[in-house]
Asks: 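Sharing a structure below in structure tokens format, with a few things to ask.
Along the sequence shown, the residues carry numbers beginning at 1.
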Amino acid sequence: ARYLDAEVNALKANIAFSELTAMREASKTGGALGAISDRELVLLQSSLGSLDTGQSPEAFKKSLGTIKDNIYRWNAQVLSVGRGFDYDDAKKSGYTDEEIFNFLNK
């Protein structure tokens, strides 16, 4: 249980730092955010999906799947930019974000 909790906390920290980095990169000055409150940090950690080791196993697995899907979608969209690849057309054709990501990441 402690190992799982530590792994979940590490994942949540990575999500929060990724969100902060994306927000700073999107800012014209690079300083989009000042000090972050504890509450704001929790919200950033939950931006891709809710993770709590107190959830039922089914809810936890569903949240992990949502986070995985969100990461694949974001990465597939980023990789498609500037490559002459139309992400929206691929989605309309029935390809999953994971399949698009794997194709573009070869």
Asks: Using the test side chain to side chain donor-acceptor pair (under 3.5 Å), find all partners of Glu7 that sit at least two apart in sequence or belong to another chain.
Replies: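 Here no residue qualifies.
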Asks: Between Glu99 and Gly94, which heavy-atom pair has the shortest distance, and what is it?
Replies: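 What the structure gives for the nearest pair is OE1-O, 4.3 Å.
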Asks: My understanding is that only residues two or more places apart in sequence, or in another chain, count here; which of them pass side-chain contact (heavy atoms from CB on, under 4.5 Å) with Ile15?
Replies: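 With neighbours one apart ignored, the set is Leu11, Glu19, Ser47, Leu48, Ile67.
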Asks: Report the residues that fulfil side-chain contact (heavy atoms from CB on, under 4.5 Å) with Lys68, sequence neighbours left out, ordered by chain and then residue number.
Replies: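 Listed in chain order: Tyr72, Glu98.
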Asks: Under the side-chain contact (heavy atoms from CB on, under 4.5 Å) rule, collect the residues that match up with Ser56, sequence neighbours excluded.
Replies: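 In terms of side-chain contact (heavy atoms from CB on, under 4.5 Å), with neighbours along the sequence ignored, Ser56 is linked to Glu58, Ala59.
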Asks: Linking Ile, Leu, Val, Met, Phe, Trp and Tyr through side-chain heavy atoms less than 4.5 Å apart, which residues share a cluster with Trp74?
Replies: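 Reading the cluster by chain and number, Trp74 sits alongside Val78.
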Asks: Going by atom type alone, with no hydrogens or angles, which donor-acceptor pairs under 3.5 Å involve a side-chain atom of residues 79-88 and a protein atom two or more places apart or on another chain?
Replies:
from	atom 1	to	atom 2	distance (Å)
Ser80	OG	Ala76	O	3.4
Ser80	OG	Gln77	O	2.8
Arg83	NE	Leu79	O	3.1
Arg83	NH1	Leu104	O	2.5
Asp86	OD1	Asp88	N	3.0
Asp86	OD1	Asp89	N	3.0
Tyr87	OH	Asp97	OD1	2.3

Asks: Quick one: list whatever passes side chain to side chain donor-acceptor pair (under 3.5 Å) with Ser18, sequence neighbours left out.
Replies: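 Per chain and number, Ser18 pairs via side chain to side chain donor-acceptor pair (under 3.5 Å) with no residue.
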Asks: Atom CG of Leu51 and atom OG1 of Thr66: how far apart are they, to the nearest 0.5 Å?
Replies: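 These two atoms lie 9.5 Å from each other.
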Asks: Can you list the residues that meet the side chain to side chain donor-acceptor pair (under 3.5 Å) rule with Asp69, with sequence neighbours excluded?
Replies: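 Side chain to side chain donor-acceptor pair (under 3.5 Å) list for Asp69, sorted by chain: empty.
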Asks: For Asn14, give me all partners under side-chain contact (heavy atoms from CB on, under 4.5 Å), at least two apart in sequence or on another chain.
Replies: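 Partners of Asn14 by the side-chain contact (heavy atoms from CB on, under 4.5 Å) criterion come out as none, since no residue qualifies.
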Asks: Is there a donor-acceptor contact under 3.5 Å from the side chain of Asn105 to the main chain of Phe101?
Replies: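 No: the side chain of Asn105 does not pair with the backbone of Phe101.
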Asks: If you look at every heavy atom in Asp52 and Phe60, which pair is closest and at what distance?
Replies: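 For Asp52 and Phe60, the tightest heavy-atom pair comes out as O-CD1, 3.5 Å.
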